[in-house]
Amino acid sequence: MMSLRRYTSFLLLLLKKEKEKESRQSLGWLVMESRRLLNGVAGGVDEDLRGNEDGHQLLTPWASSVASGYTLLRDPHHNKGLAFPEKERDAHYLRGLLPPAVMSQELQEKKIMNMLRQYKVPLHIYMAMMDLQERNERLFYKLLIDNVEELLPIVYTPTVGEACQKYGSIFRRPQGLYISLKEKGKILEVLKNWPERNIQVIVVTDGERILGLGDLGCQGMGIPVGKLSLYTALGGLRPSACLPITIDVGTNNKDLLKDEFYIGLRQNRATGQEYAELLEEFMFAVKQNYGEKVLIQFEDFANHNAFELLAKYSNTHLVFNDDIQGTASVVLAGLIAALKLVGGKLSDQKFLFLGAGEAGTGIAELIALEMSKQTKTSIEETRKKIWLVDSKGLIIASRKETLQHFKKPWAHEHEPMRTLLDAVKAIKPTVLIGSSGVGKTFTKQVVEAMASFNKVSHRHDKQILVLIHKPIILALSNPTSQSECTAEEAYTWSEGRAIFASGSPFNPVEYNGKTYVPGQANNAYIFPGLGLGLIISGAIRVKDDMLLAASEALAAQVATENFEKGLIYPPFSNIRKISAHIAANVAAKAYELGLASRLPRPKDLVEYAESCMYNPVYRTYR
Ligand SMILES: NC(=O)C1=CN([C@@H]2O[C@H](COP(=O)(O)OP(=O)(O)OC[C@H]3O[C@@H](n4cnc5c(N)ncnc54)[C@H](OP(=O)(O)O)[C@@H]3O)[C@@H](O)[C@H]2O)C=CC1
Ligand SMILES: CC(=O)C(=O)O
Ligand SMILES: [Mg+2]
């Protein structure tokens, strides 16, 4: 058997000889020969060792070849466009295939940013960015990293929401893996069709709750693709280690079912056993194909499946649900930071949520856990400071029988309250959090009421004097159209006193001669660093304490100059440094809990996390 290293040297030697002879024709032979050798000799096929019943092993016709010439220019992982230097143009048969100019990556970046800035429609920038990703991956990531605050609203919320709604019409080349009901019984084979084998993180959706836009079926693929581009740009994971997956079990979206350009299965959603079996097959195929340490991030599933999937697989797989857990961690971080602006402790606050689904109850539970740890009281006790409103009104004890299981812990004794305004007036929260997916629900009256009882005031809480200065208002719903209120509304209606952050970004607001800068309370601050921390420590399970560790790390990154602007999150321009700190805290927790498999533990985890991060600068080719 020839080892892979020896085989590679052999190939390179042949290539060199070919170059010397300048015999371009025989490259085809070389590629064919490489396929033959890889299939037969170098173990290029990593198949299940068991044969099938008739004794024949099923083989994936996997092949690897050295890209050169025209093929190299069309390989997004290696293409550098005009940045190929003269030497590489000679060595890789690029002469004549490129115009004579040689351009640095920096100049290419400047050129593309200039071009993107000419577009008036954000969706057109999105499409240009996707084209770039398919053409030149390193340039795409360089742009995204260097211009993160400008491009995040494009590849992520809000524009990615519109892209998903129109995915069928703007669809050019497939990105990611589509696993539909048609693939039932064959999911392992489908995974093997993916060209990369060393996968570290999968973001998977079934498209049923895409942002606050509802069921977008198979077109939800834009979300895993977008989230994974942030794993690389913000968290430093290798693009080739990231796999976006959409599970297509149909859609109940009537408009999509009628849309001639819809790309998914044209049927209503499969539910119950049929759904559960497909997901079960998927989860075990992933583990079988990629091993125990591949991270699976559930994204934008509807809550009737999300909680169950998380509970079912959190003890057998390295999984987390971004909407439940990532959102909880980012909001807790913002609240810990906000205490510096409003005074008091977390347990001095009273919380009211509009929306009691994945995001709402996920956040509520993590806040209650943190308060319970800080005050050394039971979680049942700390939950009493948190109230939630759903589409039927305030969640109270008299509704308990009919509530979904994830709402039951929040059913406290209270008289019924049908509207948010009534609930706000009755509960008098210091923190109001919107996670309903419904825009414009924080009305003028709601914000004014929040401002009226969160003035500089003295409040007695269990004989302790607490000073409350400002209302904290978080409008988490995405995209912008679904935001519970705008930044301008929050600042104007509260007469400039609200501490405000939102899921989708808003521009700074001028009010009474002062500029107010809203923060972005979005799980994008957490999941890239959390994922990096899990991967660098070789963690095998995700635990709540890791989410708390991520929150602490994020809150600690808010600097004095950010607080001075009223911000409770650090700017995204520092996100890679922030992600390294989050990763280090998460990894440290994984080691502490005995869940880390990468041994020995690196001494300086921040430095180690930074050293593991993908850098999109072009590499030099032999
Ligand atoms: N900023 C961020 O990082 C994140 C933001 N989000 C956003 O949060 C939103 C909700 O997501 P998620 O929690 O997963 O969704 P869910 O569907 O799980 O929950 C939505 C909740 O809102 C309630 N609701 C819906 N309409 C109303 C209404 N008119 N008045 C009061 N309550 C209402 C629902 O009530 P009922 O149960 O009665 O139907 C339900 O409790 C989405 O817009 C999403 O984009 C989500 C994750 C992260
Ligand atoms: C941000 C996010 O995950 C959501 O809106 O669903
Ligand atoms: Mg989400």
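Counting starts at 1 for both ligands and their atoms, following the listed order.
Here the side chain of Ser551 pairs a donor or acceptor atom with the backbone of Leu547 at under 3.5 angstrom. Not a single donor-acceptor pair under 3.5 Å links the side chain of His317 to the backbone N or O of Ile296. Between the side chain of Thr419 and the main chain of Asp422, a donor-acceptor pair closer than 3.5 Å is present. Although no hydrogens or angles enter the test, the distance criterion places no donor-acceptor pair under 3.5 Å between the side chain of Ser477 and the main chain of Ser483. Within the 3.5 Å criterion, the main-chain N or O of Pro570 finds a donor-acceptor partner in the side chain of Tyr525. The main-chain N or O of Thr205 is never found under 3.5 Å from a side-chain atom of Asp300 such that the two would form a donor-acceptor pair. Using modelled atom types, no side-chain atom of Asp259 and backbone atom of Asp255 make a donor-acceptor pair closer than 3.5 Å.
The nearest protein atom to atom 10 (C) of ligand 1, hydrogens excluded, is given as Ser435 O, 3.4 Å; this is a heavy-atom distance. Of all protein heavy atoms, the one lying nearest to atom 38 (O) of ligand 1 is Ser391 OG, 2.6 Å. Protein heavy atom at the shortest distance from atom 41 (O) of ligand 1 is Ala356 N, 2.8 Å. The protein heavy atom nearest to atom 18 (O) of ligand 1 is Asn303 ND2, 2.8 Å. The shortest contact between atom 12 (P) of ligand 1 and any protein heavy atom is with Arg209 NE, 3.7 Å. With hydrogens left out, the protein atom closest to atom 26 (N) of ligand 1 is Val438 CG2, 3.3 Å, a heavy atom. With hydrogens left out, the protein atom closest to atom 13 (O) of ligand 1 is Ala359 N, 2.9 Å, a heavy atom. Closest to atom 5 (O) of ligand 2 among all protein heavy atoms lies Asn478 ND2, 2.8 Å. For atom 1 (N) of ligand 1, the nearest non-hydrogen atom of the protein is Ala521 O, 2.9 Å.
A salt bridge links Lys444 to Glu448: one of the charged nitrogens lies within less than 4.0 Å of a carboxylate oxygen.
Remark: ligand 2 and Tyr156 share no N or O pair separated by less than 3.5 Å (distance only, no angle test). Among the atoms of Asp323, none of the N or O lies under 3.5 angstrom from an N or O of ligand 1. In terms of N/O distances under 3.5 Å, ligand 1 is not approached by Val330. Considering backbone and side-chain atoms together, Asn522 places no N or O closer than 3.5 Å to any N or O of ligand 2. The shortest N or O to N or O distance between Leu354 and ligand 1 is not below 3.5 Å.
Of the candidates Asn305, Asp215, Asp323, Asp323 is the only one forming a side chain to side chain donor-acceptor pair (under 3.5 Å) with Arg209. Between Leu432 and the options Ile427, Val446, Asn454, a side-chain contact (heavy atoms from CB on, under 4.5 Å) holds for only Val446. Exactly one of Phe298, Phe406, Phe301, Tyr313 qualifies for a ring-ring contact (aromatic ring centres under 6.0 Å, His included) with Phe307. That residue is Phe406.
For Asn523, every heavy-atom contact with ligand 2 shorter than 4.0 Å involves the side chain, none the backbone. Proximity of Thr327 to ligand 1, defined as any heavy-atom pair under 4.0 Å, is confined to the side chain (atoms from C-beta onward). When heavy-atom distances to ligand 1 are checked against a 4.0 Å cut-off, Ala306 has no atom that comes that close, whether in backbone or side chain. No part of Leu420 comes within 4.0 Å of ligand 1, judged by heavy-atom distances.
Closest non-hydrogen pair, Ala233 versus Ile145, comes out as O-CG1, 3.6 Å. Taking both residues in full, the closest heavy atoms of Ser504 and Ser502 are given as O-OG, 2.7 Å, listed atom of the first, atom of the second, then distance.
Residue Gln482 places every heavy atom at 4.0 Å or more from ligand 1. Using 4.0 Å as the threshold, Gln520 has no heavy atom nearer than that to any atom of ligand 1. Heavy atoms of Thr157 stay at 4.0 angstrom or farther from ligand 2.
Atoms of ligand 2 lying under 4.0 Å from at least one heavy atom of Glu299, given by number and element, are 3 (O). Set against the non-hydrogen atoms of Arg209, the atoms of ligand 2 under 4.0 Å away are 6 (O). Shown in contact with Gly212 at under 4.0 Å from a heavy atom are these atoms of ligand 1, numbered in order with element: 42 (C), 43 (O), 45 (O). Of all atoms in ligand 1, numbered sequentially from 1 with element shown, those under 4.0 Å from a heavy atom of Lys407 are 36 (P), 37 (O), 38 (O). Every atom of ligand 1 with a heavy atom of Gly503 under 4.0 Å away is listed here by number and element: 1 (N). Numbered from 1 in the order shown, with element, the atoms of ligand 2 that lie under 4.0 Å from a heavy atom of Lys227 read 1 (C), 2 (C), 3 (O).
With a 4.5 Å cut-off on side-chain heavy atoms, Leu177 and Leu191 count as touching. The shortest side-chain heavy-atom distance between Leu534 and Met546 falls under the 4.5 Å cut-off. A 4.5 Å side-chain heavy-atom check between Asp248 and Leu181 finds every atom pair outside the cut-off.
Atom OD1 is the N/O/S atom of Asp300 found closest to the Mg ion (ligand 3).
Judged by a 6.0 Å distance limit and a 45° cone about the ring axis, Lys428 is positioned over the six-membered ring of Phe453.
With the Mg ion (ligand 3) as the vertex, OD1 of Asp323 and OE2 of Glu299 span 100° to the nearest 10°.
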